[in-house]
Structure formats: C-alpha cells, structure tokens
Undergrad: 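What follows is a structure written as structure tokens; I'll ask about it next.
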Amino acid sequence: MTRALRQAPESAGAIGIAAASPATETSGQDTHPREIGGAITAARDALLKLQQADGHWCFMLEADCTIPAEYILWTHFTGELEPEIERKLAARLRAKQASHGGWPLYEGGDLDISCSVKVYYALKLVGDDPNAPHMRRAREAILAQGGGARANVFTRLALAMFSQIPWRGVPFIPVEIMLLPRWFPFHLSKVSYWSRTVMVPLAILYSLKAQAQNPRNVHIQELFTVPPEQERHYFPVRSHLNKILLSVERTARLLEPLIPSMLRRRALKKAETWFTERLNGEDGLGGIFPAMVNAHESLILLGYSPDHPWRVQAKKALQNLVIEEENSASCQPCLSPIWDTGLAALALQETEGGHTTAPVIRALDWLKERQILEQSGDWQVQHPNLKGGGWAFQYNNSYYPDLDDTALVAWSMDQAATPERYGEAIGRACDWLCGMQSRNGGFAAFESDNTHYYLNEIPFADHGALLDPPTADVTARCIVLLGRLNKPQYAETLRRALDYLRREQEPNGSWFGRWGTNYIYGTWSALTALEQANIDPQEGFIRKAVEWLKQVQRLDGGWGEDNYSYFDSSLAGRYQESTPVHTAWALLALMAVGEANSEAVKKGIAYLLQIQQEDGLWDHPAFNAPGFPRVFYLKYHGYDKFFPLWALARYRNHLNRQC
C-alpha cells in the first residue's frame, strides 16, 4: 500500500467502512446452505491432502527479504559457499524489489533501509553488477534514506563483521555480560528467550571481533553518504534514558582493553557452555534463524572443526530452513509445525460439528508425543518447582515451550472429548500455564513478568523487542482453555486473566494483536476467549468490540488490516482491500458473541465464498503477523487454509442448530 493511501484511507459513510468497487459490493442476502456445504467440503479435502503422513501439518513461514539475504551473508562469512542455493535466493530477492527501489518489511510496505542494505550487499556478493538497473535503483533509494549508517543494529553488526564499518558503529556487547549477577540492571534472565539466544553467541562474535571470510572481497562503501570511518552518528538518540545509556556505553567501551584476559576467557567459556547446551541439534539454537547463524559462526571462531558434530548440526539447522523451487528459493525464519497442526485440528473439528475425526486424532497423537514434560528450560529460572507441560512452536525447542501453542493444542485436545487419551496431557498443560501467569494477570509467549521495559532503551535494543511481556492475544488463548475446563483449581487464574483482558481493551473497543495483524486478530482472540469463559455477550465492553468490527467492515463484505497499523493506530482494522484471513478472524469473533445472524456476518460469509479458489482454498499475498511489531513481519501460509474454513464451518453449524 502506498503511503498516500495509508494517510487517507478511503471510507464509505459516516461509520468509515473502507470502500469497495460497486462490482464487488455484497448484498448480504442469505447464502444457500448447500453452497456453503460444498465450499466447506472442498476446503476440508484440500487441507487434508496437505497433511503429512505422520499426522502433522507444516506450512511455509515467509519473512521479508532480510532472512534470505542473511543466508547469503552467512555463507560468505564462513566461506562455505552454496552456488546453486545462492543463485536461487538471489533470483527471489531481485523479484521482491519494490517500485520504490528498495525492499520492504512486508508486502506493499515502505522501503526499509536495514533490509535494503542487506539485500543489496547479498546481491553484490553473488555477483550482481552494481551498475545494473536494479542495483542502481536500490543504491539511490538507500542513499536517499541516509545510507548504510542509518541501518539498524543487526545490519550494522553484519557490516562490522564484513569490515564495512568500524566496530565503534555497533553496540558494546562484551561477553562479560555472562558474568553479571541477577540483581544487576542487565541480566540474561531479564530479556526474552529470542534475545538471549541471539545475544549470547553474538557477544562471542563481538568480543573476538569476528571477521568474515568474504572470499570474493566484496565491499559496499558506495552505500554510505559519509565514509564509515568518519561517520559520527551511528546511534540516533531515541529517548532521554537512551541518551544516558549511550553515554554509559561509551565509557564502558573505553574500559574494554582493561578487562583481564583471565576474566574474558572465563566469560567466553561460560557463553560457549550456555549456547552449546541449547544447540538443539538440527532444529537449531532457539529454533530461530538469527540465533542459529550466530551459533554457527561462534563455533567457527571458537575453533570447532568443520566436521565437529555441533558445527555440522548447526549448519544443517540453517539449511533446513531453505525452501527450494526450480528457479528460486526462500529461507524461513523458523518452522511452525506445532502451531500449524493445532490450528488445522481446530478448523477440522469445526467442520465436523465439534467431532474429532481420524485425521485429527492422528494430528493430536503426533502433538501429544511432543509435549515437553521433564526437559530443562530457561523458564525454570523463574519457576524452579513448576512441572513442565508445554509445547514448543517448532518441531523441537525444549528449552523454550510456547504458552500460546500450549493453550491452542490443549484446547483442541479438550475438544476431542477423549480424556482417557489426552486428559493427562491437558492437565499438565493447564498446570504449567497457570504457573506461568504474570503478576498482572496476563500471559506472555515464553516468559513470566518479562517486563523490565528500561532494557528496551539500551543501544542494542533499537528494535524495541528485547522483552516478552504479557499480551492480550496470548492471554486470550489461555482463557479459552481454562474457561472451557471450568475447574475450581483454575478459577483464580482465570479471574485474574479476565481482569487483565478487560484492562487491555483499546478505547475503540478492539484489542491489540501482538502475534497477528493486528487489532482484528487481537479482537478475534479476545472475543473467542470471552465466549469460552461464558461471559455475557451483552456486556457493554463486548458490544463495543462488536460495533468496532462492524465499523471497519469493507463494502465487499470482507475485512483487512495493514501492518502499518503497528506504526499508526488510526489504521486499526483498515487496509486497501479485504483479505480472507482478516475476514475469517472478524467472522469468528462476531459469531463468538452471538452475531451469526447479523448482516455483517452474512456479507462476510458471502465474501469468503466469492473468493474461494478452484482448489478449494484461499490465498492472499498480505503478511498476516508480526514477528516483532514495526521491525519484522511474517506471512503464515497456513492461515489462508485454516481460518476461512473454520469461519464457514462455524456459520454452517449455526444454521444447522437453527433448523
């Protein structure tokens, strides 16, 4: 979407519904149940065809072009080039260049200078001529935004390792942070799991001043408006506290030469032990791409040979993220099988009126085997006496079970109504979730009370996502599970969670979506939770959410939301067009609170039927989730396949109950 469109979104009528062309305007008249049934059958059959032989689903998780660019940079750091993959990744990067000359963080977004610098460098590394039209356009766009010195911390760290900027252009990340006591203002236990898995090996790279192999000796000095050695403004001041912390860091950096060699060796060893204990085999450190890259590169610097099992596994973990096609390739930031399988199971259960068929049983059995019960985890630092019971997001990530996945999987298992098969797994999940509740009543994705907000002001945290605080959407998923079970031992946890969810409602009636785009996702999460907790749908705060959803419905009957709403909340629930995923979320939210007979729902159902593809599924290029709001975005390719099916099935089941 262009900036002009974002600044002046089209509207229709006083309530501000985004306009659609008359040709696509939906009447809202009742759709024949037979038509809905046929659409559901086609979508269900198509989804079942995508199920793996062992029962699970895993769909592509697409990120912006930063990840494939970083893959190329990684191979040139190590000198272990992969020419064929490199060629295919480069083809995709060229194809994704936007009309503004650079590369955005999500489909249709503005130029992001950090992503664009990395992509430009990756393309030059693979051999693109800097005078080629696409490279010239990219360079001009980057320079117009201030050049490479304006890139974020992670991009500048990569540039420092490739000797493109001096080390003073990156934050001070000494490995001695491993020796800080827990009472110190900064400690690993005070940041999110993704931050610590990235930072620990990165501190090794920083302290040893890692230098890329760069076998083709490629440089990008042409991307700087001031020669990097002369640049004095690598760290723009973000706040008063950030200004103070920048001064503290500059002083600490001056003292680095005075660190005793014995202390540095001790810190390096502690960092090495910490991350190698969590290498996670071929599933990779933390199960996330940035941590995996840093881990592999650190193993090289620490002297591990190419054939050492850890180094082999760390490399294979990265290669496993590549999806290769005939003439192009992409690289995923991580894999999402647990989340995909749980959502697919819930959608299919809805298609069968709440019953659980054999394919779903196979999926739930596959999930049951992956529950994390006795393994070590970082969460145990805060909860040493709490028994495990969660699920990860990836195939294996035992140190970091995910509360959102855990609640979702246990929800589907409870819906299966076979306590002899899943009762123990559900009980362990609920006990673990209750133990992970934060003091304010909410639930975060991986941590408890990870709310040391001042840490987002340290120079390293220019992405503003160092922490994992409680959020409305994850809390809502936990409420769904605890509300369904309605057991006395969970009553106080549920009450506190509901109080938190009420407090988190936005003034317009919506809820913020931390892990899905954005307010429509958050509102779906919240209203679904309130339904399962048996909250009266006529309560005023629920009606306010309903009215908001109806106000942002588009004239074609659908809903959409721009990722730019994370920058500008006035765009909450607004987009240049409807998407099947946002439409499904809105429909599920409305039906959860008694709106199945409304004109809004009828129009939304008609829209989904109208845009269903011949293969029975739906598809839309819009990115539908943030990894980190404002910084990193994702497209879950499975969402187009689960959620519209789920919404249609929920509507048909409502019609059947009326008959």
Undergrad: CG/Leu205 to CD1/Ile173 distance, rounded to the nearest 0.5 angstrom?
TA: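 It comes to 9.0 Å.
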Undergrad: Check the angle between the aromatic planes of Trp585 and Trp524 and answer parallel, tilted or perpendicular using the 30° and 60° thresholds.
TA: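 Answer is parallel, since the angle falls under 30°.
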Undergrad: Check for a donor-acceptor pair, side chain of Thr471 on one end and backbone N or O of Ala444 on the other, with a separation under 3.5 Å.
TA: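 No: the side chain of Thr471 does not pair with the backbone of Ala444.
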Undergrad: Answer yes if the ring centres of Phe642 and Phe59 are under 6.0 angstrom apart, and no otherwise.
TA: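 Yes.
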Undergrad: Taking the ring of Phe512 and the ring of Tyr566, is the distance between their centroids below 6.0 Å?
TA: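 Yes, the ring of Tyr566 comes within the 6.0 Å limit of the ring of Phe512, centre to centre.
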Undergrad: Count the heavy atoms of every other residue, nucleotide or ligand shown that sit under 6.0 Å from NE2 of His219, and state whether that count exceeds 12.
TA: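 It does: His219 NE2 has more than 12 such atoms within range.
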Undergrad: Mind checking the CZ-OG1 spacing from Phe443 to Thr406? Nearest 0.5 Å is all I need.
TA: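 If we round to the nearest 0.5 Å, Phe443:CZ and Thr406:OG1 are 11.0 Å apart.
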Undergrad: Strictly by side chain to side chain donor-acceptor pair (under 3.5 Å), give each pair with a member in residues 290-303 just once, sequence neighbours left out.
TA: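 Those involving residues 290-303 are Trp74-His296.
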Undergrad: Go through the steps for Lys96 and Glu107 under the test salt bridge (Lys or Arg N to Asp or Glu O under 4.0 Å), then give the verdict.
TA: CA-CA 9 Å; Lys96 288 289 184 178; Glu107 189 74 22; 3.7 Å; yes
Undergrad: Excluding sequence neighbours, so at least two apart, what forms salt bridge (charged side-chain N to carboxylate O under 4.0 Å, His left out) with Asp128?
TA: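 Here the qualifying residues are Arg94.
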Undergrad: For Ala141 versus Gly102, what's the shortest heavy-atom pair and its separation?
TA: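 Residues Ala141 and Gly102, closest heavy atoms: CB-N, 4.2 Å.
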Undergrad: Considering only heavy atoms from C-beta outward, does the side chain of Val126 approach that of Arg87 to under 4.5 Å?
TA: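 Val126 does not reach Arg87 side chain to side chain.
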Undergrad: Are any non-hydrogen side-chain atoms of Arg139 and Pro130 less than 4.5 angstrom apart?
TA: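 They are in side-chain contact.
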Undergrad: Has the side chain of Asp402 got a donor or acceptor atom that lies under 3.5 Å from a matching backbone atom of Phe393?
TA: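 Pair absent, no side-chain N/O of Asp402 close to backbone of Phe393.
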Undergrad: So, the side chain of Glu561 versus the backbone of Tyr519: is there a donor-acceptor pair under 3.5 Å, distance only?
TA: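 Checked: pair present.
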Undergrad: Do the side chains of Asp640 and Lys635 get close enough for a salt bridge, i.e. N-O under 4.0 angstrom?
TA: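 Yes, this pair counts.
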Undergrad: Can you check whether His463's main-chain N or O pairs, donor with acceptor, with Arg630's side chain at less than 3.5 Å?
TA: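 No; zero donor-acceptor contacts below 3.5 Å.
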Undergrad: Can you give me the closest heavy-atom contact between Ala138 and Tyr120, atom names plus distance?
TA: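 Here Ala138 and Tyr120 meet closest at CB-CD1, 4.0 Å.
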Undergrad: In sequence, state the C-alpha distance, the side-chain angles, and the governing distance for Val293 and Phe77, and then conclude on side chain to side chain contact (heavy atoms under 4.5 Å, CB included).
TA: CA-CA 10 Å; Val293 168; Phe77 176 94; over 6 Å; no
Undergrad: Could you check if a side-chain atom of Thr583 sits within less than 4.5 angstrom of a side-chain atom of Phe643, using non-hydrogen atoms only?
TA: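 Side chain of Thr583 against side chain of Phe643, heavy atoms only: no contact under 4.5 Å found.
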Undergrad: Which atom pair, heavy atoms only, marks the closest approach of Cys115 to Leu105?
TA: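 Here Cys115 and Leu105 meet closest at CB-CD2, 4.3 Å.
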Undergrad: Answer with yes or no after comparing the ring centroid distance for Tyr106 and Tyr633 against a 6.0 Å cut-off, counting only values under it.
TA: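 Tyr106 vs Tyr633: aromatic centres under 6.0 Å.
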Undergrad: Is His452 close to Val191 at the side-chain level, that is, under 4.5 Å between some pair of heavy atoms?
TA: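 Heavy-atom side-chain distance check fails, nothing below 4.5 Å.
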Undergrad: To the closest 0.5 Å, what do you measure between OG1 (Thr78) and CG (Leu318)?
TA: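 So the OG1 of Thr78 and the CG of Leu318 are separated by 10.0 Å.
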Undergrad: Do you see a donor-acceptor pair shorter than 3.5 Å between the side chains of Ser192 and Glu447?
TA: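 There is no such pair (donor and acceptor under 3.5 Å, judged by atom type) between the side chains of Ser192 and Glu447.
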Undergrad: Evaluate the criterion side-chain hydrogen bond (donor to acceptor under 3.5 Å, both in side chains) for residue pair Asn563 and Thr517; output intermediate values, then yes/no.
TA: CA-CA 6 Å; Asn563 281 296; Thr517 305; 2.7 Å; yes
Undergrad: For Arg514, is there any backbone N or O sitting under 3.5 Å from a side-chain donor or acceptor partner on Asp473?
TA: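 Looks like yes, one N/O pair under 3.5 Å.
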Undergrad: Is any side-chain heavy atom of Gln221 closer than 4.5 Å to one of Pro227?
TA: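 Heavy-atom side-chain distance check fails, nothing below 4.5 Å.
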Undergrad: Please tell me whether Ser525 and Arg477 have a donor and an acceptor in their side chains that are separated by less than 3.5 angstrom.
TA: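 There is such a pair between these side chains.
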Undergrad: Report yes or no: do Glu82 and Tyr71 form a side-chain donor-acceptor pair below 3.5 Å?
TA: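 Yes, side-chain donor-acceptor contact under 3.5 Å.
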Undergrad: Run the salt-bridge test on Glu140 and Arg137 with the 4.0 Å N-O cut-off and return the result as yes or no.
TA: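 Here Glu140 does not pair with Arg137 in a salt bridge, since their nearest N and O are not under 4.0 Å apart.
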Undergrad: What is the minimum heavy-atom distance between Ala392 and Ile372, and which atoms define it?
TA: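 Of all heavy-atom pairs spanning Ala392 and Ile372, the closest is N-CD1, 3.7 Å.
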Undergrad: Nearest 0.5 angstrom please: Leu245 CG to Ser239 OG, how far?
TA: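 It is 7.5 Å, given to the nearest 0.5 Å.
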Undergrad: Measure from the side-chain N and O atoms of Tyr636 to the backbone N and O of Asp340, and report whether any donor-acceptor pair falls under 3.5 Å.
TA: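 Here the side-chain-to-backbone pair does not exist.
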Undergrad: Hey, can you tell me if Tyr193 and Tyr400 have their rings parallel, tilted or perpendicular (30° and 60° cut-offs)?
TA: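 Correct class here is parallel.
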Undergrad: Please tell me if the side chains of Phe275 and Ile204 come closer than 4.5 Å, counting only heavy atoms from C-beta onward.
TA: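 The answer is yes, as the side chains (C-beta and beyond) meet within the 4.5 Å cut-off.
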Undergrad: Using every non-hydrogen atom in the two residues, find where Leu93 and Cys65 come nearest and quote the distance to one decimal.
TA: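 Nearest pair, atom of Leu93 first, then Cys65: CD2-CB, 3.5 Å.
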Undergrad: Which residue pairs satisfy the salt bridge (Lys or Arg N to Asp or Glu O under 4.0 Å) criterion with at least one member in residues 69-81, sequence neighbours excluded?
TA: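 The answer is Glu70-Lys118, Glu80-Arg311, Glu80-Lys315.
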Undergrad: So, do Leu111 and Trp103 sit near enough that their side-chain heavy atoms are less than 4.5 Å apart?
TA: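 Side chain of Leu111 against side chain of Trp103, heavy atoms only: no contact under 4.5 Å found.
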Undergrad: Would you say Phe162 and His76 make side-chain contact, with heavy atoms under 4.5 Å?
TA: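 Touching, per the 4.5 Å side-chain cut-off.
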Undergrad: Would Lys209 pass as a cation-pi partner of Tyr206, given that its NZ or CZ must be under 6.0 Å from the six-membered ring centre and within 45 degrees of the axis?
TA: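 Checked: cation-pi criterion met.
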Undergrad: Do any N or O atoms from the side chain of Arg196 and from the backbone of Leu188 form a donor-acceptor pair under 3.5 angstrom?
TA: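 Flag set: sc Arg196 to bb Leu188 pair under 3.5 Å.
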Undergrad: Please report the shortest heavy-atom distance between Pro626 and Gly516, naming the atom on each side.
TA: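 Smallest heavy-atom distance, with atoms named: CD-N, 3.5 Å.
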Undergrad: His100: what forms a side-chain hydrogen bond (donor to acceptor under 3.5 Å, both in side chains) with it, not counting sequence neighbours?
TA: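 With neighbours one apart ignored, the set is empty.
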Undergrad: State the CG-OG1 distance between Asp404 and Thr475, to the nearest 0.5 angstrom.
TA: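 If we round to the nearest 0.5 Å, Asp404:CG and Thr475:OG1 are 9.5 Å apart.
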Undergrad: Show, in sequence, the C-alpha distance, side-chain angles and deciding distance for Gln145 and Ser116, and conclude whether the side chain to side chain contact (heavy atoms under 4.5 Å, CB included) test is met.
TA: CA-CA 11 Å; Gln145 296 289 324; Ser116 298; over 6 Å; no
Undergrad: How long is the span from the CG atom in Asp568 to the CZ atom in Arg574, to the nearest 0.5 Å?
TA: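 Between atom CG of Asp568 and atom CZ of Arg574 there are 11.0 Å.
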Undergrad: Donor-acceptor pairs under 3.5 Å, side chain of residues 279-292 to any protein atom, not counting sequence neighbours: which ones?
TA:
unit_1	atom_1	unit_2	atom_2	d
Asn280	ND2	Gly284	O	3.0
Asn280	ND2	Asn396	O	2.7
Asp283	OD2	Asn396	ND2	3.0

Undergrad: Going by the angle between their ring planes, with limits at 30° and 60°, are His308 and Tyr304 parallel, tilted or perpendicular?
TA: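 Answer is perpendicular, since the angle exceeds 60°.
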Undergrad: Just by distance, do the side chain of Asn214 and the backbone of Val218 share a donor-acceptor pair under 3.5 Å?
TA: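 Looks like yes, one N/O pair under 3.5 Å.
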Undergrad: For the residue pair Asn152 / Thr155, report whether a side-chain donor-acceptor contact shorter than 3.5 Å exists.
TA: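 Per modelled atom types, Thr155 and Asn152 side chains form a pair under 3.5 Å.
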Undergrad: Taking only residues at least two apart or on different chains, which pairs with a member in residues 145-169 satisfy salt bridge (Lys or Arg N to Asp or Glu O under 4.0 Å)?
TA: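 Qualifying pairs: Arg150-Glu231.
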Undergrad: For Ile520, does its backbone N or O pair with a side-chain atom of Thr523 as donor and acceptor, under 3.5 Å?
TA: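 No; zero donor-acceptor contacts below 3.5 Å.
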Undergrad: Can you check whether His582 and Tyr575 have ring centres sitting under 6.0 Å from each other?
TA: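 No, too far apart.
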Undergrad: I'd like to know if the side chain of Lys88 and the backbone of Glu325 have a donor-acceptor N/O pair within less than 3.5 Å.
TA: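 Looks like yes, one N/O pair under 3.5 Å.
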